[in-house]
Visitor: 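Have a look at this one before I ask anything.
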Amino acid sequence: MAKKSKTAFICQNCATTHTQWQGKCEGCGEWNTIVEDNPLAGIGGGPGRAPKKGRVVPLASLDGEIEEAPRIISRVAELDRVTGGGFVRGSAVLLGGEPGIGKSTLLMQAAAALSRAGHNIVYVSGEEAVAQVRLRAKRLKANETQVLLAAETNVEDILTTLNDMEKRPDLVIIDSIQTMWTDSADSAPGTVTQVRQSAQALIRYAKSTGATVVMVGHVTKEGNIAGPRVVEHMVDAVIQFEGDGSHQYRILRALKNRFGPTDEIGVFEMMQSGLRQVANPSELFLGERADNAPGAAVFGGMEGTRPLLVEIQALVAPTSLGTPRRAVVGWDSARLSMIIAVLQAHCGVNLGQHDVYLNVAGGYRISEPAADLAVACALISSLAGLALPTDCVYFGEISLSGSIRPVPHAGQRIKEAEKLGFKSAVLPKGSSDVPKRNDESIFAAEKLVDLVVKIAGGKTLSYESDEK
């Protein structure tokens, strides 16, 4: 007796699976978003049909010739850096970011640059009319290029139009995937089923024709790309466009890349005429640095193969509240709590009755643990009221035992600092590839307590000790 296929009920808003239909989704709390979905539909011919006989798949060994993936260089250097050298032909790329961050602006500039290089580009907008896209192109001085425009949301119509073109497009831009819908799904545009099946149809077109498809994705309030998570697994690359609306700087970061690194970033500056590439981000993030200000430390970081210098600002002030405040912008708040605990446990620096505010200048966000040393120095400087040397750079990871651990690429960090006029550095003891010098410009610290003594000298840093 044949097994009866199981039927699942899936929420079209959050993709939560239920065993039976109900009015309210337990996952997101929305009403009337649950629809019936057969998990076997479309697999092996579907239920009720005998699966067809498979074919023999050729097997190959791991040892063989490797062909370099053909790429389309966009002529936007920062974008090519993040993608690993340009868009790979036949790949699908998902570009996410907050509303107004500059996703459409970046893609329009890249499309114009590719069109000037002789590539066939198609820009499909599901959110704006053709006239509105032309206004943006005119502002970006891209209206004289041969980029082809379309305002359409039906996937079948888009694919039919692309297949009917005399010359196959090299790059297809879909803005955005949440506005697309396909006849194979009965739900509304933007739901989980529509986004998944629309993306699958576009990815299938990219793989079968060799055209590169770039899809713009909306993000949720948490910063994640809206829609089913499976779309991020289906595409070849996921690129996030980050930035703060109060700053003009934008960071392009690869979260996933099957054909390149995921630790490279591209830096842009938003201007009235569009996005301007920033070749030297360190000068940009340090351009408005104040001299002789307590609580400011310059961190020598690394983003992929690019060294980057950014200022970390700290403010430590006595509090009248029972629970002191800990406010962090641009860094991990849990990491800050760990640094404060290490300072109190191993260095005698008591911040239990102080508010701590930490900010990374320029709207930049730091993710590597090498910033621990710069954060600790900024906290000590603010608490003691003593300014750190303006020509010194800091980097190193702090362990729970109070020791300072070496971080990779110390030599590159120091070289970047020297280019910008920094004459000294504080780094972990035992760091590799550090240039040897006879002077005292490089201070190698082994314990955090040694650095506290060097910065504060004999000044008392404990709030409770001051009262006594």
Side-chain angles (χ1 to χ4, degrees), residues 279-314 331 339 342-343 346-347 349 358 360-362 364 366 368-399 402-459 461:
N280 192 347
S282 299
E283 290 184 347
L284 188 66
F285 291 125
L286 297 176
E288 300 178 357
R289 192 162 65 102
D291 296 336
N292 299 324
V298 177
F299 164 59
M302 288 290 297
E303 285 289 352
T305 58
R306 167 187 285 178
L308 185 66
L309 268 61
V310 63
E311 184 183 40
I312 295 179
Q313 303 167 349
W331 205 48
I339 298 300
V342 172
L343 285 172
H346 299 285
C347 305
V349 179
L358 190 73
V360 179
Y364 180 68
I366 300 174
E368 62 171 332
D372 292 351
L373 191 60
V375 171
C377 292
L379 293 174
I380 299 168
S381 172
S382 178
L383 181 61
L386 301 173
L388 297 174
T390 57
D391 60 348
C392 186
V393 65
Y394 304 83
F395 58 87
E397 181 182 355
I398 297 177
S399 65
S403 61
I404 304 176
R405 303 179 59 184
V407 294
H409 309 295
Q412 291 182 253
R413 301 172 197 259
I414 294 177
K415 289 180 181 178
E416 178 68 14
E418 290 178 343
K419 290 180 183 178
L420 298 176
F422 288 84
K423 300 178 181 179
S424 58
V426 175
L427 46 83
K429 188 176 181 179
S431 299
S432 59
D433 65 1
V434 177
K436 297 181 179 180
R437 297 175 182 172
N438 296 326
D439 54 12
E440 298 180 356
S441 59
I442 295 180
F443 179 76
E446 184 178 5
K447 295 288 185 178
L448 183 59
V449 63
D450 300 332
L451 193 57
V452 172
V453 174
K454 177 179 175 62
I455 295 175
K459 189 167 183 178
L461 297 180

Visitor: Quick one: list whatever passes side-chain hydrogen bond (donor to acceptor under 3.5 Å, both in side chains) with His409, sequence neighbours left out.
Guide: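 In terms of side-chain hydrogen bond (donor to acceptor under 3.5 Å, both in side chains), with neighbours along the sequence ignored, His409 is linked to Gln412.
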Visitor: Heavy atoms, side chains only, cut-off 4.5 Å: are Leu420 and Asn280 in contact?
Guide: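 A side-chain contact under 4.5 Å exists here.
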Visitor: I need the full list of salt bridge (Lys or Arg N to Asp or Glu O under 4.0 Å) pairs touching residues 370-379, with sequence neighbours left out, sorted by first then second residue.
Guide: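 Of all non-adjacent pairs touching residues 370-379, those that pass salt bridge (Lys or Arg N to Asp or Glu O under 4.0 Å) are Arg335-Asp372.
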Visitor: Please name the pair of heavy atoms, one in Pro281 and one in Arg306, separated by the smallest distance, quoted to 0.1 Å.
Guide: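 Here Pro281 and Arg306 meet closest at CG-NH1, 3.5 Å.
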Visitor: Can you sort out the partners of Ala370 under side-chain contact (heavy atoms from CB on, under 4.5 Å), two or more places apart, ordered by chain and number?
Guide: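 Phe299, Glu368, Val407, Arg413.
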Visitor: Are Lys419 and Ser282 packed together at the side-chain level, in the sense that at least one heavy-atom pair is separated by less than 4.5 angstrom?
Guide: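 No, too far: nothing below the 4.5 Å cut-off.
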Visitor: Using the side-chain contact (heavy atoms from CB on, under 4.5 Å) criterion, which residues pair with Ala410? Sequence neighbours excluded.
Guide: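 By the side-chain contact (heavy atoms from CB on, under 4.5 Å) rule, Ala410 matches Phe395, Ser431, Asp433, Val434.
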Visitor: For Leu373 and Leu451, what are the C-alpha separation, side-chain angles and deciding distance, and is it a side-chain contact (heavy atoms from CB on, under 4.5 Å)?
Guide: CA-CA 9 Å; Leu373 191 60; Leu451 193 57; 3.2 Å; yes
Visitor: Output all residues satisfying salt bridge (charged side-chain N to carboxylate O under 4.0 Å, His left out) with Arg405, sequence neighbours left out; order by chain, then residue number.
Guide: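 Salt bridge (charged side-chain N to carboxylate O under 4.0 Å, His left out) list for Arg405, sorted by chain: empty.
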Visitor: I'd like to know whether Val375 forms a side-chain contact (heavy atoms from CB on, under 4.5 Å) with Ile398, so could you lay out the CA-CA distance, the side-chain angles of the two residues, the decisive distance to 0.1 Å, and finally the verdict.
Guide: CA-CA 10 Å; Val375 171; Ile398 297 177; over 6 Å; no
Visitor: Under the rule for ring-ring contact (aromatic ring centres under 6.0 Å, His included), what residues qualify as partners of Tyr394, not counting sequence neighbours?
Guide: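 With sequence neighbours excluded, Tyr394 shows a ring-ring contact (aromatic ring centres under 6.0 Å, His included) to no residue whatsoever.
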Visitor: By the side chain to side chain donor-acceptor pair (under 3.5 Å) test, which pairs, at least two apart or in different chains, include something from residues 373-386?
Guide: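 Qualifying pairs, neighbours excluded: none.
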Visitor: Between CD1 of Ile442 and CG of Leu427, what distance do you get to the nearest 0.5 Å?
Guide: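 Ile442 atom CD1 to Leu427 atom CG measures 6.0 Å (nearest 0.5 Å).
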Visitor: If you round to the nearest 0.5 Å, how far is CD1 of Ile312 from CD1 of Ile366?
Guide: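 Reported value, rounded in 0.5 Å steps: 4.0 Å.
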Visitor: Could you work out, with salt bridge (charged side-chain N to carboxylate O under 4.0 Å, His left out) as the rule, every residue matching Lys429, not counting sequence neighbours?
Guide: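 Partners of Lys429 by the salt bridge (charged side-chain N to carboxylate O under 4.0 Å, His left out) criterion, ordered by chain and then number, come out as Glu446.
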Visitor: Please report the closest heavy-atom contact between Ala384 and Ala456, naming both atoms and the distance.
Guide: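 In this case the closest contact between Ala384 and Ala456 is CB-CB, 4.4 Å.
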Visitor: Does the pair Ile414 and Val393 meet the rule for a side-chain contact (heavy atoms from CB on, under 4.5 Å), with working shown?
Guide: CA-CA 8 Å; Ile414 294 177; Val393 65; 5.6 Å; no
Visitor: Mind checking side-chain contact (heavy atoms from CB on, under 4.5 Å) for Lys447 and listing every partner two or more places apart, or none if nothing turns up?
Guide: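 Ser403, Val449, Asp450.
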Visitor: Mind checking salt bridge (charged side-chain N to carboxylate O under 4.0 Å, His left out) for Glu416 and listing every partner two or more places apart, or none if nothing turns up?
Guide: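 In terms of salt bridge (charged side-chain N to carboxylate O under 4.0 Å, His left out), with neighbours along the sequence ignored, Glu416 is linked to no residue.
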Visitor: Looking at Gly402 and Val342, what are the two nearest heavy atoms and their distance?
Guide: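 Taking Gly402 first and Val342 second, the nearest heavy atoms are CA-CG1, 3.9 Å.
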Visitor: From Leu383 CG over to Ile455 CD1, what is the distance, rounded to the nearest 0.5 angstrom?
Guide: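 Here the rounded value is 11.0 Å.
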Visitor: Please give me the minimum heavy-atom distance between Ala297 and Ala374, naming the atom from each residue.
Guide: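 Residues Ala297 and Ala374, closest heavy atoms: CB-O, 3.6 Å.
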Visitor: If you round to the nearest 0.5 Å, how far is CD1 of Ile380 from CG of Leu386?
Guide: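 If I round to the nearest 0.5 Å, the distance is 11.0 Å.
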Visitor: What are the two closest non-hydrogen atoms of Asp391 and Gly421, and how far apart are they?
Guide: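 Looking at all heavy atoms of both residues, the shortest contact is CB-O, 4.4 Å.
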Visitor: What's the shortest heavy-atom distance between Ala296 and Leu388, and which atoms?
Guide: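 The answer is O-CD1, 3.4 Å.
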Visitor: Using 0.5 Å steps for rounding, measure from the CG atom of Leu309 to the CZ atom of Phe422.
Guide: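 If we round to the nearest 0.5 Å, Leu309:CG and Phe422:CZ are 5.5 Å apart.
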